[in-house]
Structures are given as C-alpha cells and as structure tokens.
*Asks:* 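Shown below is the structure under consideration.
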Amino acid sequence: MSRSEPVEASNFIRNIVDKDVAAGKNDGQVVTRFPPEPNGYLHIGHAKSICLNFGIAGRYNGRCNLRFDDTNPERESEEYVNAIKQDVSWLGFEWNELRHASDYFDDLYEFARDLIRQDKAYVDSSTAEEVREMRGSLTEPGTPSPYRDRSIEENLDLFQRMKDGEFNDGEHILRAKIDMASGNINMRDPTLYRIRKVHHVRTGDKWSIYPMYDYTHCVSDAIEGITHSLCTLEFEDHRPLYDWVLDQLKTSCHPQQIEFARLSLEYTMLSKRRIIQLVEDKHVHGWDDPRMPTIIGMRRRGYTAASLRDFCERIGITKNDAWIEMAVLETCIRDQLNKEAPRRMAVLDPIKVTITDLPEGHEQMFSFANHPQDESAGTREVPFTREVFIDRDDFAEVPPPKYQRLVPGREVRLRGSYVIKCEEIIKDETGKVLELRCTHDPDTLGKKPEGRKVKGVIHWVSAVHGIPAQVRLYNPLFTLPDPAKADSLEAAINPESEIVLNSCVIEPALQQAESEQHFQFERIGYFVADRYDHTAASPVFNRTVTLRDTWAK
RNA sequence: UGGGCCGUCGCCAAGCGGUUAAGGCACCGGGUUUUGAUCCCGGCAUUCGGAGGUUCGAAUCCUCCCGGCCCAGCCA
C-alpha cells in the first residue's frame with residue numbers, strides 16, 4: 001500500500017445510491033452484480049462496469065455478485081467463463097457469490113407459468129417473419145398476433161410441451177401480453193422464451209426452451225436481492241419491461257435499473273462482434289495480443305490492474321456518449337510505473353561506439369540506482385567497457401535543430417558514465433553508420449565537465465556484457481480515432497501496430513527479469529517481460545507505453 | 001407530435017436557484033534534473049448547444065428551437 005488510489009469522484013449513480021442508503025431504502029443495503037454473457041473475453045469497457053459495480057458495493061460495505069448471463073447456449077463456452085473469472089480477479093475484485101442465470105431456469109419456468117395463468121403471457125405459433133411484420137415499425141403500431149387470445153389452458157399445455165421438446169426450433173415462442181401499440185417497441189409483446197434444442201454447458205440437455213434476456217435479467221436480479229441493477233444506456237428502453245415483469249410477478253425484491261454510458265476509447269474498437277472478428281480474421285495473434293483492448297491483452301501489454309482501476313475512476317460515470325482519448329489511459333500507466341518500475345538500460349537499434357582512448361579490454365563496474373527518486377529501490381551493478389552500444393537515433397551526422405545527442409565533433413554524456421566525444425564515423429559502402437570512434441574525458445565520472453556544458457545524456461549497454469533480446473513495439477491497432485467509421489476493419493488497421501525488434505541489447509541486470517515484471521528502459525519507455533514468451537535464455541520485452549516526449553521535433 | 005436519452009474549456013467531468021463555473025487529461029510557458037522522464041511553479045470557459053421566459057438572482061426552473069445517440073433479434 002505504498003501509493004493511495006485516487007480519491008473517488010462523485011457521479012450520478014453514487015449520488016442516487018447515497019440518497020437511497022441515507023433514506024434507509026432496502027434497509028440501507030447495497031447489492032450489485034456484474035453480469036457478463038460468457039461469449040467472449042472481457043475488455044476495457046467491461047472494466048468500467050466491473051469497477052462501477054464492485055466499487056459501489058464496496059463503498060457501502062455491500063455485496064457484488066458475478067453472474068454469468070448464460071441464456072444463449074449457442075454462443076457461450078466454458079473457456080470464456082474461466083477467462084472472465086480470471087480477469088475479474090486479476091483486476092482486484094472479489095465477488096460475493098458466483099451465479100449463473102441458468103441456476104434460475106426452474107424458477108424462471110414456474111414464473112412464466114404464473115404469467116400465463118394471469119393471462120399475461122401466451123404461446124405464439126407465428127413464424128419469426130410473421131412476428132417481425134406484426135411488430136409494426138418505429139412509427140407505426142404493431143398488430144396483435146392471431147394467437148394472442150389463446151386460452152390459458154391451451155397456453156399452459158403448449159408451453160409445457162415446448163419445454164418437453166415436442167416441437168422444433170422456431171415453431172412456437174412464449175410472449176408477454178403487453179401492448180402491441182406501445183411507442184416502446186420492447187413492450188409490443190416481447191418474446192420470453194424460444195425453443196432451442198441445444199446442449200447447455202451447465203444444464204446439459206435438460207432444456208429445449210431458453211429464456212430471453214429481458215425476462216431473465218430482472219428475475220435473476222430479484223432472486224439475488226440486487227438493489228441497484230447497473231447497465232449501459234441501450235437498455236434504457238428495456239427498463240419499462242424490466243419493471244413490468246417484476247410487477248406482474250410481485251417479487252418481494254424489485255431492483256432499480258440505472259443506465260450509464262458505455263466506454264468509447266479512441267483508436268480502439270470495443271464491440272464484442274468486432275473484437276471477435278479481429279481474432280478470427282487473424283488481424284491479431286489472439287485475444288491476449290498486446291494490441292487488444294481486452295483485459296488479458298492489456299495485461300500482456302504491461303498495463304497493471306491498478307492502472308486500469310485508476311483509468312475507470314478518472315473517466316467518470318455519466319450518460320454522455322463520451323470518447324476518451326488514449327492519453328488518459330497512457331497517463332494512468334505512466335503514473336504508476338514511474339513510481340514503481342525499476343530503471344534499466346536497453347539499446348533497441350545498436351550502433352557500436354569504441355572509446356579509443358581507453359585501453360583494449362578496459363572494464364569498469366558502476367553502481368546505478370534502480371530508481372532516481374526512490375532510494376529504497378536499491379542499486380545494481382552495470383559493467384562499462386571500451387566498446388558500448390548506443391541507439392541509432394541518439395546519433396546524427398547532420399543534427400536537426402536543438403538536437404542534444406551525439407554529433408560528430410561534439411560531446412554527450414553516457415548516462416552514469418563519462419562524457420564522450422565523437423571523433424570519427426565508420427560507414428559501410430551504402431553509407432550506413434557501422435561504428436563511432438570516440439574519446440572520453442576521464443574527469444567527468446560523477447562530475448560535470450570543466451569549462452563547458454554538456455546537455456545531452458544518452459543510454460548505452462556494454463558491447464561485451466550486453467545480452468541480446470527481442471523487443472516488441474506496440475502502436476495503436478487502428479489509424480482512425482473511430483475505426484468503426486472506416487469502410488472495413490482492414491482499412492483501419494495500423495500496419496505498424498506491432499514492430500518486432502530482434503537485435504536489441506539489454507544490460508546484464510535484466511537477465512534476472514521475470515515474466516510480467518515491469519521496467520523503465522531509460523529514455524525509451526515502460527516495458528514488460530512477456531508473460532508467455534520471455535525466458536532468461538531468450539528475453540522478450542513488450543513496450544507498454546513510451547515515455548512522455550516533449551521534445552518538439 | 002413513434003418511444004427513450006444526451007448536450008458545461010481540445011478530450012473527460014463536478015456542479016442540483018446565490019461559487020471568482022471544481023478537478024483530471026491535453027496544451028503553453030518557467031524552475032530543478034547525469035532519463036528531452038519525473039518533480040515543482042504558473043497559464044488555460046465573464047461562460048455552461050441556441051433563443052426566449054420565471055426570479056432580486058439561472059449552468060441549475062419553464063417554453064420553443066438546434067445538434068447527437070439508442071430502439072423494429074425467436075442476441076445480450
């Protein structure tokens with residue numbers, strides 16, 4: 001607990017719950033739930049909902065359940081269930097109870113019979129097309145189904161036989177009997193149950209009918225004693241139906257549904273359909289590709305759980321359709337890693353530098369602070385030799401204005417070491433710089449050079465002790481702030497979203513790096529040892545984010 | 001006159017009839033610095049989509065207008 005999490009900001013949902021608790025509503029209890037459908041991996045948008053639901057519950061010493069909305073067995077799988085549990089835990093939250101909508105299939109069935117007995121539901125034997133036509137349009141009312149007035153007995157019988165598997169998919173549905181002329185299309189006799197003769201991960205082949213979201217969700221909430229059912233804006237139109245179902249059923253618990261805006265993040269795509277497409281069309285290497293907006297992808301990229309929580313806190317909760325800039329996310333991870341990541345030196349695109357006025361075989365050990373502002377982070381040994389590597393962009397034969405790095409005839413500081421001066425450039429026949437021959441000022445170790453100012457400082461790695469490594473650079477997956485606006489997914493993909501560097505050299509201390517350990521490579525950015533591919537024998541680092549760069553190029 | 005919802009600084013976002021209209025990100029200066037990082041200090045909405053109205057007083061209440069989002073799955 002070295003660093004405190006940011007102060008909680010007020011938002012309209014917190015205000016509502018505050019009032020409810022103060023008024024003693026629900027006996028002052030607060031119970032929420034995070035209800036994903038297990039049909040894909042969680043993404044940063046889900047993180048917003050997770051932080052909200054668990055956050056609200058935590059704030060009032062309440063409870064938050066993890067509930068899988070598993071009412072559509074065709075799209076759902078155990079792989080996703082497990083992944084979701086891991087992601088929620090990794091984010092740092094503990095659910096009160098783990099539930100499944102399918103736990104309530106028996107109750108749901110009995111409640112549906114209750115609705116039929118009340119003449120509030122009926123079996124419709126129209127085809128899907130007929131149902132759609134009779135629903136009307138946005139501006140025209142619907143027309144009642146010819147099956148709308150079936151007797152209660154017939155409905156009960158038909159519904160039972162639907163359950164018993166006497167009919168094929170699509171032959172009948174159970175509909176609520178509400179108002180075919182409602183301006184709200186969700187109230188035009190919405191479907192409650194459909195026939196689906198498919199195997200369910202948890203209930204097996206017991207059911208040949210499955211309840212719809214609108215019917216299942218409110219009942220599940222009520223069964224679990226949820227007090228505040230938080231969901232995204234597109235469900236606003238469903239709230240009257242949510243309330244209608246619970247009112248007919250006269251449940252003792254009637255949760256309050258409150259809607260908030262889903263997250264939109266620039267240069268990413270947060271629709272599940274599109275994310276699946278990225279994976280299936282192999283635009284990325286998988287759900288956990290470091291370029292993905294999935295929790296597991298961001299984790300692999302090097303985002304920490306705390307940084308994601310911080311992000312969710314910073315963006316707030318409102319009903320505005322807001323677009324969040326990438327800079328917000330990047331600030332969150334930089335803030336945290338700046339405080340916590342040990343510093344190291346790594347050269348991504350090496351040029352050899354020979355310090356000619358040092359004897360052949362010269363070797364020296366320096367002690368470097370692991371963190372410039374935090375002494376408790378300790379020190380490490382860094383070997384210095386006659387030959388070192390520096391990064392190619394830290395040298396310019398013809399420097400741009402205000403360039404502070406190495407230039408022919410000029411001096412620069414090798415970080416933590418001597419000031420060197422470039423005396424000679426050695427190139428190959430194509431003009432590519434192969435080696436720089438430099439001299440050093442022996443009187444500049446730990447002190448400023450006399451009689452002149454040397455502004456530039458560059459990082460380096462001993463050419464004899466450096467360790468070869470692979471470093472993966474990541475850039476936004478899309479070239480457009482709103483990739484959904486592109487003609488196609490591929491048209492918006494950034495061809496430079498992943499750059500793999502195979503000739504990098506890292507300082508020896510990095511030999512001890514463990515998978516998922518974070519570092520700052522000085523002057524370059526924050527990197528993480530790849531969760532899967534990194535080994536001591538062949539190190540692999542992913543760039544999480546660059547350092548802030550205010551050098552006006 | 002289909003129904004529902006939203007418009008406060010470039011991007012988020014507090015604000016709920018009396019405040020000099022919070023804060024963060026971004027940006028622009030200046031200082032410290034052996035990371036062009038960090039850190040520090042300063043700047044950044046006489047104005048709240050627009051127009052009317054109510055009021056001693058309006059971003060906050062009312063009316064109209066403008067702009068944007070969602071809904072016609074036997075998906076969630």
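Residue numbers start from 1 in every chain, and the chains themselves are labelled A, B, ... in the order their sequence lines are given, proteins ahead of strands.
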*Asks:* Does B:rC27 have a Watson-Crick or wobble mate here (both distances under 3.5 Å), and if so which one?
*Replies:*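 Pair assignment: B:rC27 / B:rG43.
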*Asks:* P atom, B:rA26 versus B:rU19: distance in rounded Å?
*Replies:* 32 Å
*Asks:* Keeping the roles fixed (side chain from A:Thr444, backbone from A:Val419), state whether a donor-acceptor pair exists under 3.5 Å.
*Replies:* yes
*Asks:* Go ahead and name the base partner of B:rA22; Watson-Crick or wobble counts if both distances stay under 3.5 Å, otherwise write none.
*Replies:*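 Matched B:rA22 with nothing under the 3.5 Å cut-off.
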*Asks:* Kindly assign one of parallel, tilted or perpendicular to the pair A:Tyr109 and A:Phe159, based on the angle between their ring planes and the thresholds 30° and 60°.
*Replies:* parallel
*Asks:* Verify the distance criterion only: is there a donor paired with an acceptor across the side chains of A:Tyr41 and A:Glu79 at less than 3.5 Å?
*Replies:*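 There is such a pair between these side chains.
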*Asks:* Does either side chain, that of A:Gln257 or that of A:Glu259, offer a donor lying less than 3.5 Å from an acceptor on the other one?
*Replies:*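 Present: a donor and an acceptor within the cut-off.
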*Asks:* Which part of the nucleic acid, if any, lies within reach of A:Lys453 when heavy atoms closer than 4.0 Å are counted: base, sugar-phosphate only, or nothing?
*Replies:*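 It contacts nothing in the nucleic acid.
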*Asks:* Rounding to the closest angstrom, what is the interatomic distance between B:rG17 and B:rC61 at atom P?
*Replies:* 8 Å
*Asks:* Rounded to whole angstrom, note down the P distance from B:rG24 over to B:rU38.
*Replies:*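 16 Å, rounded to whole Å.
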*Asks:* Ion pair present between A:Arg33 and A:Glu224, side-chain N to carboxylate O less than 4.0 angstrom?
*Replies:* no
*Asks:* Using atom P in both nucleotides, what's the gap between B:rC27 and B:rG15 to the nearest angstrom?
*Replies:* 28 Å
*Asks:* Side chains of A:Tyr418 and A:Gln364: any donor to acceptor distance under 3.5 Å?
*Replies:* yes
*Asks:* For B:rC69, which nucleotide is its Watson-Crick or G-U wobble mate, given both distances must be under 3.5 Å?
*Replies:* B:rG4
*Asks:* Taking only the P atom of each, what is the distance from B:rA21 to B:rC25 in whole angstrom?
*Replies:*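 So the two P atoms sit 23 Å from each other.
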*Asks:* Nearest whole angstrom, please: distance from the P of B:rA26 to the CE of A:Met326.
*Replies:* 14 Å
*Asks:* Select base, sugar-phosphate, or nothing to describe what A:Thr331 touches, counting heavy atoms under 4.0 Å on all strands.
*Replies:* sugar-phosphate
*Asks:* For atom P, what is the distance between B:rC75 and B:rA13, given to the nearest Å?
*Replies:*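 Their P atoms lie roughly 33 Å apart.
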*Asks:* How would you label the contact of A:Phe235 with the nucleic acid (heavy atoms, under 4.0 Å): base, sugar-phosphate, or nothing?
*Replies:*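 The answer is base, as A:Phe235 lies within the cut-off (heavy atoms under 4.0 Å) of a base atom.
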*Asks:* Could you tell me which nucleotide pairs with B:rG17 by Watson-Crick or G-U wobble geometry, both distances under 3.5 Å, or answer none if nothing does?
*Replies:* none
*Asks:* Would you check if there is a donor-acceptor pair between the side chains of A:Asn475 and A:Arg543 at a distance under 3.5 Å?
*Replies:*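 Distance-only check passes for A:Arg543 and A:Asn475.
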*Asks:* Do we see A:Trp551 stacking on the base of B:rG36, given a limit of 5.5 Å between centres and 30° between planes?
*Replies:*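 Ring-base stacking flag set for A:Trp551 and B:rG36.
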*Asks:* Has the side chain of A:Arg343 got a donor or acceptor that lies under 3.5 Å from a partner of the other kind on the base of B:rU35?
*Replies:* yes
*Asks:* Under a 3.5 Å cut-off for both contacts, is B:rU63 paired Watson-Crick or G-U wobble with anything, and if yes, with which nucleotide?
*Replies:*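 Because both required distances fall under 3.5 Å, B:rU63 counts as paired with B:rA51.
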*Asks:* Using only side-chain N and O atoms of A:Arg548, determine if any of them is under 4.0 Å from OP1 or OP2 of B:rU38.
*Replies:* yes
*Asks:* Identify the two heavy atoms, one from A:Thr544 and one from A:Tyr303, that lie closest to each other, and give their separation to 0.1 Å.
*Replies:*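 Taking A:Thr544 first and A:Tyr303 second, the nearest heavy atoms are CG2-N, 3.9 Å.
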*Asks:* Can you tell me the distance, in whole Å, between the CZ atom of A:Phe521 and the C1' atom of B:rU35?
*Replies:* 14 Å
*Asks:* Can you tell me, in whole Å, how much space there is between the P of B:rG10 and that of B:rU46?
*Replies:* 10 Å
*Asks:* For a quick check of understanding: with a heavy-atom distance under 4.0 Å over all strands, which category does A:Asn15 fall into, base, sugar-phosphate or nothing?
*Replies:* base
*Asks:* Check each residue of residues 67-75 of chain A for a non-hydrogen atom within less than 4.0 Å of any atom in RNA chain B, then write out the ones that pass by number, or none.
*Replies:*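 Nucleic-acid contacts, sorted: A:Asp69, A:Thr71, A:Asn72, A:Arg75.
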*Asks:* Without decimals, in angstroms, what is the distance between A:Tyr210 OH and B:rC75 C1'?
*Replies:* 15 Å
*Asks:* Rounding to the closest angstrom, what is the interatomic distance between B:rU32 and B:rC40 at atom P?
*Replies:* 16 Å
